[in-house]
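Whatever order the structure lists them in is the order used to number ligands and atoms, beginning at 1.
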Amino acid sequence: MRYLCRVDILPHMNINDHTDWLEIDLGAFKRNIAKMSEITGKPVMAVIKANGYGHGLAEIARAALYGGAAICGVARVEEAFRIRRKGIHGKMLVMGGAMTDHIPFALAEDISLTISDPVTARTFSQEAVRLGGKIHVHAKIDSGMNRLGVPAEQGVEFMKLLKTLPGLQVDGVFTHFARADEVNAGTTEQQLGRFNTFLTELKQVGLVPPQVHAANSAASLFFPAARFDMVRPGIALFGINPAEDAILPEGFSPVLQWKTRLISIKDVPPGCGVSYGHRYTTTKTERIGVIAVGYADGFRRVDGNRVLIRGKYAPVLGSICMDQCMVSLDDIPEAQLEDEVVLIGSQDNRKITAEMIAHSWGTIAYEVVCGLTARLPRIYRDD
Ligand SMILES: *Cc1c(COP(=O)(O)O)cnc(C)c1O
């Protein structure tokens, strides 16, 4: 018996060979970037952390840069490393925590790091000097998120310190909003106020602020005063609403579709338990389909899921397994083996969006797409 390795198999596969996959429209992603810069009139930092919000890291990074993003924002140094290893040389900022050990990489690959406190500032400065280089950094100011950053009231002191430290080149200063996706603007205005006070004080002491950025997707769209020198959206670029109350304007479209196939169909007699735990029991002879998607792909093991088959909604029955789950085909007699099944996307004129799934799971759409696991083949089109 001869085993084929992946490289033997993959060239012969096409989209029809997968039983469970994502279709990602890079053209739509790029149009969303263009829409964002048209609306805001500012350069866009495309935030593509967490595997490009589940859409694939390197492909999304490349599309962002070709699509006009001024810079890519990631959360981890490791993400920047993976992008560079794919031969992508565009500007990049790591917005999360970096460690001293990352500095040689940041220097060699021209990756900008975020500095969120004076201790890190001093350590990074020493390490950069020891290595004989200068690292590009953005200073993080905490205006009320209470996550990363120096409290806004200590911001000027922090910027003065950064200026005195050798080995650091401060290219940017930024903050992040906690509630820009909510109808009530109070907190965002408060944060903006604190941040603006800091910027004013900075100018008063004669320091020219480097590039200033603050706005995530919701703030970019709904708080023009938060746009500063550059906007910093993530979720909107994937065509997904930041929240149920923060709906994208016309002109943005979803980038991702999630599909699987019917891999088995059978009639199950009345009174039979279905799937692990027999949490569903048939009440009559029921036509039940098996689809090739499970919690190991990012489908959540909760009640109330449904999928689209032949343009109709099919409820999921019983527990979702790791690699499969069962759906009711009683109302879809025309369904056949190998039929395409949609988890996110549209079929005929019905659709299931990441937002609808998030609503049914009691979470946010970010978590739905970021939870799409590595096993899913990601098929890209770019037109
Ligand atoms: C994730 C993130 C963003 C993008 O937020 P969206 O809500 O996806 O637009 C911007 N800035 C920082 C610091 C982030 O962590």
Checking side-chain polar atoms at under 3.5 Å, does [X] have a donor or acceptor matched by the opposite partner on [Y]?
{"X": "T282", "Y": "E286", "result": "no"}
{"X": "T40", "Y": "R227", "result": "no"}
{"X": "H18", "Y": "R261", "result": "no"}

Those protein residues which place at least one heavy atom below 4.0 Å from ligand 1: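 Within 4.0 Å of ligand 1, protein side: V47, K49, Y53, M95, R147, H176, N216, S217, R232, P233, G234, I235, Y366.
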All ring pair (Phe, Tyr, Trp, His ring centres under 6.0 Å) counterparts of F228, not counting sequence neighbours: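 Here the qualifying residues are F195.
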Cluster companions of V290 among Ile, Leu, Val, Met, Phe, Trp, Tyr (side-chain spacing under 4.5 Å):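 I263, V268, V274, Y280, I288, L317, M326, listed by chain and number.
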Only pairs at least two apart or in different chains count here, so list each ring-ring contact (aromatic ring centres under 6.0 Å, His included) that has a residue in residues 102-127.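 Qualifying pairs: F81-F105.
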